[in-house]
Every structure is written in C-alpha cells, then in structure tokens.
A.B. asks: 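Take this structure, written in structure tokens, and hold onto it; I'll ask about it next.
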There are 4 protein chains.
Amino acid sequence: MSTPSTPTHRKTRADAERNRARVLKAARRLFHEHGDAVQMPEVARAAGVGVGTVYRHFPSRQALIAAVADQRFGEIAEYARTTCLHEPGRGLLLYLRHVGEVLAADQRLSAVIEATLGATAPQGEARAQLEEAVSSLIARDQAAGAIRADLTVGDVYMLVGGLSATIRVGSGDWRRFIELACDGLRSRGPR
Amino acid sequence: MSTPSTPTHRKTRADAERNRARVLKAARRLFHEHGDAVQMPEVARAAGVGVGTVYRHFPSRQALIAAVADQRFGEIAEYARTTCLHEPGRGLLLYLRHVGEVLAADQRLSAVIEATLGATAPQGEARAQLEEAVSSLIARDQAAGAIRADLTVGDVYMLVGGLSATIRVGSGDWRRFIELACDGLRSRGPR
Amino acid sequence: MSTPSTPTHRKTRADAERNRARVLKAARRLFHEHGDAVQMPEVARAAGVGVGTVYRHFPSRQALIAAVADQRFGEIAEYARTTCLHEPGRGLLLYLRHVGEVLAADQRLSAVIEATLGATAPQGEARAQLEEAVSSLIARDQAAGAIRADLTVGDVYMLVGGLSATIRVGSGDWRRFIELACDGLRSRGPR
Amino acid sequence: MSTPSTPTHRKTRADAERNRARVLKAARRLFHEHGDAVQMPEVARAAGVGVGTVYRHFPSRQALIAAVADQRFGEIAEYARTTCLHEPGRGLLLYLRHVGEVLAADQRLSAVIEATLGATAPQGEARAQLEEAVSSLIARDQAAGAIRADLTVGDVYMLVGGLSATIRVGSGDWRRFIELACDGLRSRGPR
DNA sequence: AATGAATGAGGGTTCATTCAT
DNA sequence: AATGAATGAACCCTCATTCAT
C-alpha cells in the first residue's frame, strides 16, 4: 500500500534480524564478562528474548559461539582492509598488533571459543574475507621488500593461532611474541 | 592384629606408591586415546583401583591432569638435559623439534590439558627442571653465536605455548612454525 | 469493506477448504513415514502453509491426529459399505481382513494415533458411519447363520482394538489373530 | 567381624540391592498413580535416593520402565506356575482371567509401558519364565482336551497383547474379550 | 589405605502453541 | 484467513566428588 518494495513480510523479517543481532550482542557481552559460565537462558534473558528465539537463530550453543567468533573476525578483516592495507611495508605488523590488541581485550571470550570450537580461527563466512585481506597484506608487504618472499596466508594463520594462545593463557608478553615472530630466534649475522 | 615391626607398614606404602603410578599411567593412556571424554571412574577401572583411591592420590580431576602434564614435561626436560645439551649451536632447535614431536603424537592429551589447566605449560615440579634445562640450552646456543643474545627462558616458554597450540588445533604445519620462529617473518637483507 | 456478492467470500472459503485438505494429506503422509517424530511446523511446511494455518484448521496436534484417524476410519467404513455388505455370511470376516491390511500398511501412523488418543478407535464423525456399517454387517452375517447370535457392534470394536494392537506392536501374525477370533480357543466337540 | 561368610563388601552390595528394590517399588507405585507424568527425580525422591542412584541401577527411564514391566510379568508367571497349573482343563482360562485382573488394576502403568516400550509384552528375563509357564499350561489343557490342538505359546502371547490393549484403552469389557477369544465369533452348529 | 555406591546440581535442547503483523 | 517468529516450561541425563563401610 505504501512503500512498494516493502510488503508486510519485511517487517517481520526485520524484527527477526534485529533479534538475531540482539542475541549476538548479548552473547558477546556475556561471554566477555563471564566466560564459559554463561548459559543459553542467560543469553536469552540478556537479549530480552526467549530461549527458543536464541535457538531459532543459533541451533546450538556451539553455533552461537561460532557466530560470535566470526563476527569478531569479520571486524578484524575490516580493519585489515581499511587500515593495514594503506601502510605498505608494515601492514602485516600492524595487522598482528591489532589482532593482539583485540584478543588481549577479550581473553575470556577467546577461551570460550577455544574450548568450544577447538580453535580460535574463523570457520564460517569470515574466513574467506580474512583470507583475502591477509593475502593482500602479504603481497603488498612483500612488494615493499619488507617480509620474506615465501610467506603464505597459511603461515600467518598459524602465527595468529600461536599469538592467540599466548594471549589467552597469558604465557608471556604478546608484543614480544610478535617481535620474535618478525625477527626470528637466530642471531642475525653482522650487518 | 598388628605386625610387630615395620614390614606391613612399608608394604602398604609401597602399594600406595604403586597405585599412584598405576593411576597415572592409566590416565595418560586413556586421555591419549579418548581425550576429554574420560571420566574419573574409568580411570579408576583402567588402573584396577576404586575411585576413592584415585582421589586419595589426586585430589581432583584437575590435579590428576596436572600430574600427567607434569610427567610429560619431566620427560621433555630429561631429553633436553641428555640430548640437546650436547649439541651446542642447535640445542634449542632440537629441543623445539622434540617438543613438536611429542605433542604431535598426543594431540588429544594436549587438548585435555589445555581445557583443564588453561595452558599447556608445566606448573608443578617439572617447571623448575625444565626452566633450568632450557636456560642451559639458551646459554650454550648463545655462546655458540647461534641465537639472539636477548632471548630468555620466558621467550621460549611463550613460543612453545604457540607451538603447542598450533599442533593441538592443527592450524598448520608445526615444522614450519619452528622454521618461522627461528628465522622470523622479515626478509633478511642481502648478505 | 464488504464485497457485494459472494464471489470473494466463496473464493476464500474454497481456499480454506483446500488448505485443510492439504494439511490433512501432508500430515497423513508424514505420520506414515516418520511416526511420532513429526512436528507441527513440519506438517505446515509439507502442506505449503504456515503453522498458524494448521492451527486454524486443527486446534491442536491431537485434533489433527484425530482427524487423520477419522479419515482412515471413514475409508474403512466405506469399504464395509461397498464391499463387505455384499458378501453375506463372510462380510465380517472380509471386514476384519480389510482392517488388518489397512493397519498393517500403516503401523507408524497407528502408533501415533494410539500414543496420542489413547486408542485406535474412531472418535469423531466416522464413528457413527462405522457403527452403522458394522451393525449391518453383523446383522447380515447372523441372518446367514454364520456368526453367533449374541455378537454386538461393541464386540467387534473390541476385537478390532485387539487386532490393531497386535499389528501395531507386531506381537504375532495378525491373520492368525483373526482366525483365532473366529474359531475360538476351545477345541470343538466332535462334528 | 561377625558372620564369617559375609565380608565387608557384602554389606555395601546388600545396600545397593535394597536401593534397587526401593527404586523399583517407588517407580511402580508412582506410575500406577500418576502414569506418564512421573519424572525421574520424583522417583528418586519417593525412593529416598538421589537421581544418580536411580540412573546407576536403571540407565534410562526406559530401562526403569522395562524393569517394572518385567517384574509384573514375573509375578504373573509365578501365578501361572503355582495356581493355573493345578487346574487342568481350565488353566489357560484362569491365566487369561488373572492377566485381565492384574492389568485392569493397573491401567495407567500399562499405558506407560506401552508408550515407552512400544509393547506391553515382557522383554527381559521374565519372558523365558512366562513362556515356559504358558507352554505347560497349554500342554496340560490340550491333554485334557479342553483347547484346540494347534494352539501355541505365540498365539497366547498375541491374545494377551490384544487383551492388554482392550483393558488399557477401555475399548470394551475385557471379560467378554476372553469369552469371545475362547469361543470364537462363529456360530456353532447344533450339537 | 581402599572401595565404589550414592549424590544432585547443573545444563543444553525441544516443540506445541500463541499472537503481532 | 494466513503467516511464521517468538515463547518458555519441561525433562532427561552426566559426572566430579564424597563418605560410610
């Protein structure tokens, strides 16, 4: 009757989408604050919906956590695209630092992700985004002669996994981890 | 009623010690085989004792797992002492490889340790041993000019943590992780 | 506000009727295939309507199942009327066999009916039809001297209930059940 | 300390056995009174034990119900052995009547059994006992010329299933069911 | 010192039904 | 009349730990 392209349907769907977002947001906050102790009904309450709604959008606790993880990785990819990419020669470094900062601000959530998914790596939609972003970063830095020519996206994944673990368990200063990763353990020959 | 001298007592203590060892061995095997699914009564059964006995020796599941972890680290320290130490210039490298091999052969156990203790690092008795061994390794390699002068035991801990995570979650080829850790990401200038 | 004549109205009613039929058909198929595991939303999906529509026509799951059951009994009554009735002296036997065949082809649905309604007997509209049909059958067979004079519709109901259970749980060969029901357990005297 | 042949162990085991019996008894009473509404924690409470204990003895709700069903069948078998067997010529009839009475006194429990196990027939240990008892009954009655020569245990099973359903759903007078089962539907010729 | 039966809080998930649109 | 997202009570089962024997 009014907006041609917006049938009555849309309204409902928009609400549903908003609920999904609310749940995700609530879950993220709760996991950040209370870690693994968070239960599904709590998430529902915090989001202002029933448990059923949580389960409608995320078929299992694991799926919810995966979605949270993916969201976080999406944001990191966004950062890689918008910021790191414009700093050839040190894009990868900036990327690693950003990851470090984000993870360090969210250790409990990381622990939940690790405990639930077995890994902290992106596994859903975000994976492709991230892969592409990091790929570009590497190419640009290599073009600038800043990083070794044989470095692959897989390598960076692996290192980020290590970085993530370092932060999560607090086994050391993560900035030092990045430093070592960049320069290596070996003593450099003169010059 | 009571046996005159100490024999009975001794006998008992020896039995207790043997039980402790049995439980530890059974636990290690079970965690290796079935990961986190292993329950305390199962451990008891496999060890041929009652649950109560398991709890007598290890006050909690966590304690049992810590003991298993420590045992493994003790063995690694032993290897560092007896083998790596005799290869100045590449002792640390050998150490890292050995750790990689041991962990790679035992991913499920590592996952249990991580899930339970929050880290894969030694926390009990083995910690001191390991610290000392690694310390020596570093010193010797540094003396040989093989590794950077500012490397500390803490750094190695941290890297081993990263290596451990890499192996546990299978996020990449752990030999490559070691390679990168040694040489760094940066491209090396000519010469 | 109101459509002048009846067309629009008719159209709507016809649609509604068609929806009811669709739902019923979908439900019958699904219960036949998946038994009690079928959920209301699944029925809706299979029928190509929303859950709300299912509930408009059948106020509860139980009501839906009752409707399915009644439909089936209506068909059986139809068979009694059109076929069995023309075979005086063995009409009841034919009837029992037909019931057996129908139920045997639909054990899962029968289980659902039993679990939901507490019985497999018709309870709605079909009851009257069936009662009348069976009544005629009995009368005709009795007239032919084929069955005992004191047999009532209630008796047949009861036996069909037993037959139904026999088939549903597979506790034996239902044809034998019918045979025993006809001839009894007692040994017949000479002649 | 006291009874020579009763080591400390026995005491514990006896207690466990008593608990098992208590749970069974409580379950039977509750199912009798409240049918399917009974939950595991309620059974535990009524038995004066924790849920865990219930689950130790009966690994699932279904197992508990199966045990209750078997117990009841065991009692029926006992009756067959001690009473029916001494009435050649009418043993089977007495048996059917007894089954009818027992089931009629316990419709709710029967409904639970049916809903849970899919059938009301004995499936565990009681099955063998019952089979043997009924077998003897049949043989003796046949020897007395009271029942048809081709009657098998399976036939009786099947009829008891039908009888059970009749009683459970109240689809008619179960005594009449027995009467019909014995005499058959067919009219008997003169003499 | 050893045993193992008992405990019981805890938690993820399902699904019939409602109701705003 | 139709839609389908939302609801939330209900429920079974697990398993680390305790403690009477």
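In the text below, chain A, chain B and the rest are named by the order of the sequence lines, each starting its count at 1.
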A.B. asks: Roughly how many Å is it from CD1 in A:I65 to P in E:dG12, rounded to a whole number?
C.D. replies: 9 Å
A.B. asks: Remember a base hit wins even if backbone is also touched, and classify D:V49 as base, sugar-phosphate or nothing at under 4.0 Å, heavy atoms.
C.D. replies: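 Since only primed, P, OP1 and OP2 atoms lie under 4.0 Å of D:V49, the category is sugar-phosphate.
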A.B. asks: I want to verify a distance call: between E:dA2, E:dA5, F:dA1, whose nearest atom is closest to the C:A16 side chain?
C.D. replies: F:dA1
A.B. asks: Once you apply a heavy-atom cut-off of 4.0 Å, does C:M40 come out as touching a base, just sugar-phosphate, or nothing?
C.D. replies: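 Touches a base.
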A.B. asks: If you look at every strand shown and take non-hydrogen atoms under 4.0 Å, does D:R61 touch a base, only sugar-phosphate, or nothing?
C.D. replies: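 Since only primed, P, OP1 and OP2 atoms lie under 4.0 Å of D:R61, the category is sugar-phosphate.
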A.B. asks: Just the rounded figure in Å: distance from C1' of F:dA6 to CZ of A:R22.
C.D. replies: 12 Å
A.B. asks: Rounding to an integer number of Å, can you tell me how far A:D36 CG sits from E:dG10 C1'?
C.D. replies: 13 Å
A.B. asks: Which heavy atom of A:A121 sits nearest to which heavy atom of A:F73, and what is that distance?
C.D. replies: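 Where A:A121 meets A:F73 most closely, the heavy atoms are C-CE1, 4.1 Å.
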A.B. asks: For the pair made of CZ in D:R20 and P in E:dA5, what is the distance, rounded to whole Å?
C.D. replies: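 Going from CZ in D:R20 over to P in E:dA5 covers 14 Å.
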A.B. asks: Would you give the length of the straight line joining atom OG1 of C:T120 to atom CZ of C:R72, rounded to the nearest 0.5 angstrom?
C.D. replies: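 Spacing of OG1 (C:T120) from CZ (C:R72) equals 7.5 Å.
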A.B. asks: Nearest 0.5 Å, what's the CG-CG distance between B:L117 and B:D70?
C.D. replies: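 Going from the CG atom of B:L117 to the CG atom of B:D70 covers 9.0 Å.
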A.B. asks: Using whole Å, report how far CZ of C:R56 lies from P of F:dA1.
C.D. replies: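 Answer to the nearest Å: 4 Å.
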A.B. asks: Does a side-chain N or O of A:H57 approach OP1 or OP2 of F:dA6 to a distance below 4.0 Å, or not?
C.D. replies: yes
A.B. asks: CZ of B:F58 versus P of F:dA16: gap in Å, rounded?
C.D. replies: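 Computing the B:F58:CZ to F:dA16:P distance gives 16 Å.
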A.B. asks: Please give, in whole Å, the distance from E:dA5 P to B:R45 CZ?
C.D. replies: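 Atom-to-atom, B:R45 to E:dA5, this comes out as 10 Å.
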A.B. asks: May I have the list of side-chain donor-acceptor pairs in residues 33-50 of chain C shorter than 3.5 Å, sequence neighbours left out?
C.D. replies:
from	atom 1	to	atom 2	distance (Å)
C:D36	OD1	C:R61	NH2	2.5
C:E42	OE2	C:Q39	N	3.2

A.B. asks: For DNA chain E, what dot-bracket results from Watson-Crick or G-U pairs at under 3.5 Å, with [ ] for crossers and | for inter-strand partners?
C.D. replies: .||||||||||||||||||||
A.B. asks: Under 4.0 Å between a Lys/Arg side-chain N and an Asp/Glu carboxylate O for D:E114 and C:R168?
C.D. replies: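 Answer for the salt bridge query: yes.
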A.B. asks: Pick the closest DNA chain F nucleotide for A:V54 and for D:Q62 by heavy atoms, then say which residue is nearer the 5' end.
C.D. replies: A:V54
A.B. asks: Quick check: on DNA chain E, is the nucleotide nearest C:G52 upstream (toward 5') of the one nearest D:V51, or the reverse? Name the residue that is more 5'.
C.D. replies: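 Between the two, 5'-proximity favours D:V51.
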A.B. asks: How close or far is atom C1' of E:dG4 from atom CZ of D:R18, stated in whole angstroms?
C.D. replies: 17 Å
A.B. asks: Please determine whether a side-chain nitrogen or oxygen atom of B:N19 lies at a distance below 4.0 Å from atom OP1 or OP2 of E:dA1.
C.D. replies: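 It does not, given that no N or O in the side chain of B:N19 lies less than 4.0 Å from OP1 or OP2 of E:dA1.
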A.B. asks: Among E:dT18, F:dC12, E:dT14, which is the nearest nucleotide to the side chain of C:Y55?
C.D. replies: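 Closest nucleotide to the C:Y55 side chain: E:dT18.
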A.B. asks: CZ/C:R108 to CZ/C:F31 distance, rounded to the nearest 0.5 angstrom?
C.D. replies: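 Between C:R108 CZ and C:F31 CZ, I get 12.5 Å after rounding to 0.5 Å.
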A.B. asks: Any chance you could measure D:N19, atom CG, to D:T53, atom OG1, to the nearest 0.5 Å?
C.D. replies: 6.0 Å
A.B. asks: Kindly compute the distance separating NZ (A:K25) from CZ (A:R18), expressed to the nearest 0.5 Å.
C.D. replies: 11.5 Å
A.B. asks: Closest-nucleotide mapping onto DNA chain F: is C:T53 or B:S60 further toward the 5' terminus? I mean the 5' end.
C.D. replies: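 Final value for this comparison: C:T53.
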